[in-house]
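Numbered from 1 within each chain, the chains take letters A, B, ... in sequence-line order. Model, not experiment: these values are computed from the prediction.
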Number of protein chains: 2
Amino acid sequence: MPDFPADSRPTPPVRYGSRPTMKDVAARAGVGLKTVSRVVNGEPGVTLETESRVRAAIEALGFRRNDSARVLRKGRTASIGLVLEDLADPFYSPLSRAVEEVARANGSLLFAGSSAEVPEREQELALALCARRVDGLVIVPASEDHRYLEPEIAAGVATVFVDRPAGRIDVDTVLTDNAGGARDAVAHLIAHGHRAIGFIGDTEGIYTADERVRGYHEAMASAGLPVDEGWVSMGPTSPERVRSELDRMLSGPAPVTAVFSGNNRVTVTAVRVLADRPDPVALVGFDDFELADLLRPGVTVIAQDPVRLGRTAAELLFRRLDGIAEPPRRVELPGRLVARGSGEIPPPSA
Amino acid sequence: MPDFPADSRPTPPVRYGSRPTMKDVAARAGVGLKTVSRVVNGEPGVTLETESRVRAAIEALGFRRNDSARVLRKGRTASIGLVLEDLADPFYSPLSRAVEEVARANGSLLFAGSSAEVPEREQELALALCARRVDGLVIVPASEDHRYLEPEIAAGVATVFVDRPAGRIDVDTVLTDNAGGARDAVAHLIAHGHRAIGFIGDTEGIYTADERVRGYHEAMASAGLPVDEGWVSMGPTSPERVRSELDRMLSGPAPVTAVFSGNNRVTVTAVRVLADRPDPVALVGFDDFELADLLRPGVTVIAQDPVRLGRTAAELLFRRLDGIAEPPRRVELPGRLVARGSGEIPPPSA
DNA sequence: TAGGGGCTGGACAACGTTGTCAACAAAGGG
DNA sequence: CCCTTTGTTGACAACGTTGTCCAGCCCCTA
């Protein structure tokens, strides 16, 4: 029941392919542009009667506010970017979900992208996100030098690194205590009687890989155990490499009796390889994975908490966006040893 | 070696907190606004000498083009949106990675969001993405009525549904042949001698769940087998429910000798439950999962191809954006039965 | 009934970019 | 030597929204 003659002004036709704007809505409702804006944004100062007329026009035209224009005007985009190694990696996908959850709670949308462990791609992605003027960035770095982010950070893009630290810039960082977890893993094997323990890790230069091998060496050293040079292998986590390295370690001149695997992909391959062997070999893996408890024996792991990692990082980010100005923080979350059987296999001689 | 006196005009200071614009760059380089735009976009018609002066200014100021403004001007955002049930679900994360990969190949960024199976949240997310003026949407629907998308689609937002069809609108869709896969699964169990086969599926109303239970009934019917009313259970995939339903089916008055589980979460719980039983129970699951081959017995599954699902959907979307105008297409990808042992266990009596 | 105060509504500029168009200089042809 | 052509450059409007500010209007009071 419109209280004005419905046909007193021509209603513009719904144009396909080009969207109606506030101007169109205003024309159709017979009000000013700003009044439409007020209705759309729930601002006060519009009579109920005017508001309902505007709402009817919005409905009729299928109007939806253009947030690009809004962003341009307001400065804030209410979106954050996430750059990680691989969206599909079972370790990172709960992390991204946690980031998304926090973003949602703060009214933000999430841009997500995978670097595929290629430094140039990380940079390309991060800068593309900055060009979109994301309010903040959560980054699992693949590169070693992040000075390229300095202008962005100076311009106010809140930035938090997760899982691995940033290179050559000082920013908020959320990490797991990788070296500590590795020490625990190796100490666990030593406690079960092992002396010859192999380590198969990810490519050298990746922070987590380096920290874990460091923890391995520390644990061996503090137990007074020598490390044979063939016991440590760093490289790509491809099944082929892991398989051949494992075979080498288990059958070389100084064979290992236990294996510490440096991440979940390595662990999975290791489980496969070890299952083919006649004698059981002790195994502890870094990173938990689904069904680890269902295997026989269950796989003992150092479990990180990817959800907490992501949540902590995102919360830190939004605290920055709320204007908290503290020096960059470095949060380190503990790993947790979950004993399931594979790590408690004694050495053959014992 | 600038060929103009470096101090002939005052260089504006780098303002922190607010970013330099093309205007700033132009002022610093002593050129017009449009010339900066040309350099930034690699348009022809700029002398090498002018270009280098502009580049120097860009470098010095840390300028990065504001893509929000660009989007506003150009209309296309070079970004697409992905709405799915759960970013962290091991089934959907390879799908999202595949979508991301195709987006990247087409020069687009990806907005990702989880609906958590809540219809309102799906709609809220999809419309928020439309307000950001994404060029297209890939949606794994959680709701039953998608007419709310009609104005968006009319306005040119390319839209593709994956894994589940859209409700009450006619759009491009990419699905797995769920009923067919379910028929294969049940037929496989029947071929191994089973007559009493239970089905535990996801909540009724979810398309894939309904299709799979339909396939189950079809396979039983076409083998001339009756279905006891206690053999079919639909509901949430929580471990508690799955456990109690399984226990009920296996020990009731008409106990089943084999189980067909309706998705990977159900399957995982089923494996756990069945591992606790003294006698082996045959099991086939819908959806493959990592390590299914490592369990003893290996778990027989109907494998979908989430990567292909995602890739196909995204490619369809970009084909639409390239202006292909065909009626909406419905692509159905086959499932593949992977026999690993658990499905080949004979019934106890045999 | 005139004047003042509180609401409501609209005109206008600005956000940073790109498309259009015209100005200008240098080069070439008659 | 002038006119045309080619190539380089910049002024200006427009994209759709929001913030500022001012003009009416209504109601109340004196």
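Ion pairing of A:E101 with A:R311 is absent here, as no side-chain N (NZ or NE/NH1/NH2) approaches a carboxylate O to less than 4.0 Å. Taking a cutoff of 4.0 Å between a charged side-chain nitrogen and a carboxylate oxygen, A:E85 and A:R121 do not qualify as a salt bridge. Checked for salt-bridge contact, A:D322 and A:R320 miss the test: no charged N lies under 4.0 Å from a carboxylate O.
Look at CD1 on A:I58: it is 10 Å from P on D:dT17, rounded to the nearest Å. Between the CG atom of B:L48 and the C1' atom of D:dT9 there is a distance of 16 Å, given to the nearest Å. When the P atom of D:dC15 is taken as reference, atom CG of A:L33 falls 12 Å away, rounded to whole Å. Across the protein-nucleic acid pair, A:R64 atom CZ and D:dG16 atom P stand 16 Å apart, rounded to whole Å. The interatomic distance linking B:R76 (CZ) with C:dT17 (C1') rounds to 18 Å, in whole Å. At whole-Å resolution of the value, CE in B:M22 and P in D:dA13 are 19 Å apart. The CG-C1' distance, from A:D67 to D:dC15, rounds to 15 Å in whole Å. Between the P atom of D:dC15 and the CZ atom of A:R70 lies a distance of 21 Å, rounded to the nearest Å.
For A:R133 (side chain) and A:C130 (main-chain N/O), a donor-acceptor pair under 3.5 Å exists by modelled atom type. The closest donor-acceptor contact from the side chain of A:R132 to the backbone of B:T77 lies under 3.5 Å.
B:V40 comes within contact range of no nucleotide atom at all, as no heavy-atom separation falls under 4.0 Å. Using a 4.0 Å heavy-atom criterion, one finds that B:N41 contacts the sugar-phosphate atoms exclusively. Looking at heavy-atom distances under 4.0 Å, B:V46 makes contact with sugar-phosphate atoms alone, never a base. Using a 4.0 Å heavy-atom cutoff across all strands shown, A:G45 reaches sugar-phosphate atoms only and no base atom.
Where B:V31 and B:A69 meet DNA chain D, the nucleotide closest to each residue was compared, and B:V31 sits on the side nearer the 5' end.
The nucleotide whose nearest atom lies closest to any side-chain atom of B:L72 is, among D:dT17, D:dC15, C:dC15, D:dC15.
Phosphate contact (OP1/OP2 of D:dC15, side-chain N/O of A:N66, threshold under 4.0 Å): absent. Proximity of A:T35 to the phosphate of C:dG10: a side-chain N or O atom is located under 4.0 Å from OP1 or OP2. Look at A:K34 and you won't find any side-chain N or O under 4.0 angstrom from OP1 or OP2 of C:dC12. Phosphate proximity of D:dT9 to B:T50: present, with a side-chain N or O under 4.0 Å from OP1 or OP2. Here A:R65 reaches the OP1 or OP2 of D:dT18: one of its side-chain N or O atoms lies under 4.0 Å away. Taking only side-chain nitrogens and oxygens, A:R73 never comes nearer than 4.0 Å to OP1 or OP2 of C:dA14. For the OP1/OP2 pair of C:dT17 and a distance below 4.0 Å, the side-chain nitrogens and oxygens of B:S37 include no atom meeting the criterion. Checking the phosphate oxygens (OP1, OP2) of C:dT8, no side-chain nitrogen or oxygen of A:T47 falls inside 4.0 Å.
Side-chain atoms of A:D163 and A:Y92 form a donor-acceptor pair, as typed in the model, at a separation below 3.5 Å.
In the interface, the side chain of A:R38 is paired with the base of C:dG10 through a donor and an acceptor atom under 3.5 Å apart.
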